[in-house]
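First up is the structure itself, then whatever we jot down about it.
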Protein chains: 2
Amino acid sequence: MFEARLVQGGLLKKVLDSIKDLVTDANFDCSPNGFSLQAMDSSHVSLVALLLRSDGFDHYRADRPISMGMNLNNMAKMLKCAGNDDIITMKAEDAGDTVTFMFESPNQERISDFELKLMDIDSEQLGIPDTDYAATVKMPASEFQRICKDLASIGDTVLISVTKDGVKFSTTGDIGSANITCRQNTSVDKPEEQTTIELNEPVCLSFALRYLNSFAKATPLSHTVTLSMSKELPVVVEYRIGDLGHIRFYLAPKIEDEEMEDEA
Amino acid sequence: MFEARLVQGGLLKKVLDSIKDLVTDANFDCSPNGFSLQAMDSSHVSLVALLLRSDGFDHYRADRPISMGMNLNNMAKMLKCAGNDDIITMKAEDAGDTVTFMFESPNQERISDFELKLMDIDSEQLGIPDTDYAATVKMPASEFQRICKDLASIGDTVLISVTKDGVKFSTTGDIGSANITCRQNTSVDKPEEQTTIELNEPVCLSFALRYLNSFAKATPLSHTVTLSMSKELPVVVEYRIGDLGHIRFYLAPKIEDEEMEDEA
DNA sequence: AGACACACTG
DNA sequence: CAGTGTGTCT
């Protein structure tokens with residue numbers, strides 16, 4: 001038996017909106033630790049890892065670990081039927097083939113329950129090592145989203161260069177080129193408006209803007225985003241979800257040779 | 001000679017927006033009692049009945065009853081040319097083949113008139129008996145609209161069950177199933193946010209969500225909607241239009257056998 | 001011309 | 001919070 005109650009149901013709605021365009025089907029793992037998901041995007045290029053910790057829920061019970069395979073578009077469709085301030089409860093039997101979403105309006109006048117059919121999904125759970133990164137940039141999520149959107153109108157690849165002073169996003173395309181530099185600023189009043197850089201070693205990596213723009217759909221979840229990078233390793237784009245957990249996106253950098261392949 | 005002046009011209013715009021997708025051509029009846037329309041939708045499944053009482057207009061004159069056949073899409077197109085707070089006056093000669101819509105901006109700075117060609121339309125005027133219903137549900141129109149929209153994303157038929165405690169909307173589809181229950185609440189401060197149930201006998205009827213969603217286009221006309229139901233009889237979905245009249249939609253329930261036909 | 005994003009109002 | 005209306009971008 002699995003049961004999880006989240007008073008801030010709107011968070012779950014936003015979580016699904018942020019990954020349903022990237023991943024079509026995925027297994028949610030319900031364990032005593034929490035409610036989590038790890039999946040490759042449908043083109044098998046990037047990886048999404050979601051964790052909602054059990055202690056972040058208002059009630060949580062997972063008698064034994066179960067895995068629930070869902071079509072994320074269908075799940076999102078059902079969650080759209082919840083109000084943004086509804087309380088959402090998920091329930092599933094250990095051996096059942098459905099999951100139930102219960103929505104309670106804040107005043108309890110309206111109670112809905114939606115039953116979604118589960119599906120069997122092959123999934124390779126990758127072990128993701130907890131690395132120390134050469135550079136970690138923390139910046140306002142909306143600013144990162146804006147930059148990725150703007151640069152995508154010029155080119156399709158962004159070169160991210162981090163030095164101790166700041167982070168530079170560069171692209172080149174048919175019509176010209178662009179560089180956007182964000183300087184470190186710890187001086188701003190509000191922490192969520194700060195851009196901070198932790199640097200062990202300067203890094204300089206290229207990524208496909210198309211995926212970064214997909215990741216940026218998680219912007220409504222958090223004021224800030226964290227980019228963690230090391231040479232030749234996938235970037236980690238992380239959005240914290242209140243005190244509930246986080247969603248992390250992984251994307252391998254483009255290598256020069258690969259860029260040529262893309263053009264072909 | 002027919003002439004009717006409505007200071008709240010926006011109401012007429014909304015009325016047309018709410019029926020033009022359901023009914024393409026219809027006769028408006030202009031009589032001393034008021035301005036009314038009764039028509040089947042284009043697939044001959046549901047029925048629309050509109051009544052705007054003469055005393056709700058700011059000026060009203062109908063020397064003798066006339067019937068004006070119009071293409072509702074064309075009429076709606078013309079009304080779109082009126083501002084939402086324009087004063088609208090309709091005029092027609094007894095034997096003419098056109099109707100004139102006059103729009104006056106609130107400050108009288110702009111006066112337009114649009115002439116629409118009338119057409120001959122066959123119409124069978126059905127007598128609608130004034131029944132006592134087994135159950136009448138009054139609820140916020142926006143909530144009804146939301147429920148019909150949400151459920152249509154899951155299934156195509158809704159089962160409406162009314163008991164003295166509340167009204168339950170249920171559907172089933174390929175991806176799963178859903179139930180939304182609204183409890184009676186007369187305690188809320190504002191009457192337009194209340195859900196109230198008048199019950200002689202519990203009822204349980206199925207309807208095609210497609211039509212209910214068309215009916216719900218009338219939501220901008222009123223804060224509340226009334227659903228009147230009796231076993232095996234068409235549901236009446238009524239929106240009051242200020243103190244001007246009402247618009248009523250009728251839809252026959254699905255019978256089990258009919259549902260099977262739909263699948264074929 | 002249509003769709004999306006933003007800002008505003010109920 | 002949600003719907004509407006506007007403005008912008010594709």
Side-chain angles (χ1 to χ4, degrees), chain A residues 6-14 17-18 20-22 76-77 79-88 103-112 140-156 173-176 178 209-210 213-221 223 242, chain B residues 8-18 20-21 73 76-77 79-86 105-106 139-153 180 182 185 188-195 213-225 239-242:
Chain A
L6 186 61
V7 171
Q8 282 188 73
L11 285 181
L12 198 60
K13 285 164 63 89
K14 287 179 192 164
D17 283 339
S18 69
K20 69 165 207 292
D21 293 330
L22 210 52
K77 232 185 232 181
L79 292 182
K80 274 208 205 316
C81 302
N84 281 326
D85 50 1
D86 278 5
I87 300 163
I88 298 184
F103 308 143
E104 301 167 67
S105 65
N107 55 22
Q108 299 286 320
E109 270 162 22
R110 181 173 143 181
I111 298 191
S112 335
S142 57
E143 188 166 0
F144 177 68
Q145 181 175 45
R146 179 71 198 272
I147 290 168
C148 292
K149 191 184 115 225
D150 286 351
L151 292 187
S153 71
I154 312 290
D156 44 38
D174 294 340
I175 67 168
L209 280 163
R210 177 182 157 207
N213 271 312
S214 282
F215 302 166
K217 298 223 168 89
T219 302
L221 283 169
H223 287 112
Chain B
Q8 284 188 73
L11 285 181
L12 198 60
K13 284 164 64 87
K14 288 178 190 164
V15 163
L16 258 102
D17 284 339
S18 69
K20 69 166 205 292
D21 294 330
N73 271 296
K77 243 182 228 177
L79 292 182
K80 274 210 204 315
C81 304
N84 280 324
D85 47 4
D86 278 6
S105 66
M139 65 190 294
S142 55
E143 188 165 3
F144 177 68
Q145 183 175 44
R146 176 78 197 270
I147 289 169
C148 292
K149 190 185 112 227
D150 284 350
L151 292 187
S153 72
I180 300 176
C182 300
N185 68 73
V188 189
D189 308 345
K190 302 168 188 168
E192 69 255 28
E193 289 179 9
Q194 288 180 4
T195 297
N213 272 312
S214 282
F215 302 167
K217 298 219 168 91
T219 302
L221 283 168
S222 177
H223 287 114
T224 61
V225 64
Y239 297 85
R240 299 213 150 273
I241 305 171

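It should be emphasised that the depicted structure is a prediction, and the values quoted were computed from it without experimental measurement. Order of the sequence lines sets the chain letters (A, B, ...), proteins ahead of strands, with each chain counted from 1.
- Residues Glu109(A) and Thr195(B) have side chains not in contact (no heavy-atom distance under 4.5 Å, counting atoms from C-beta outward).
- Atom CD of Glu143(B) has more than 12 neighbouring heavy atoms from other residues, nucleotides or ligands inside a 6.0 Å radius.
- Using modelled atom types, no side-chain atom of Lys13(A) and backbone atom of Asn84(A) make a donor-acceptor pair closer than 3.5 Å.
- Crowding of Glu104(A) atom CD: a count of heavy atoms from other residues, nucleotides or ligands under 6.0 Å exceeding 12.
- Here chain A contacts DNA chain D (any atom closer than 4.0 Å to a heavy atom, that is under 4.0 Å), and the contacts span dC1(D) to dA2(D) from 5' to 3'.
- Residue Asp85(A) is the one, among Gln145(B) and Asp85(A), whose nearest nucleotide of DNA chain D lies closer to the 5' end (criterion: closest heavy atom).
- Residues Ile241(B) and Ser222(B) are not in side-chain contact: their nearest non-hydrogen atoms beyond the backbone lie 4.5 Å or more apart.
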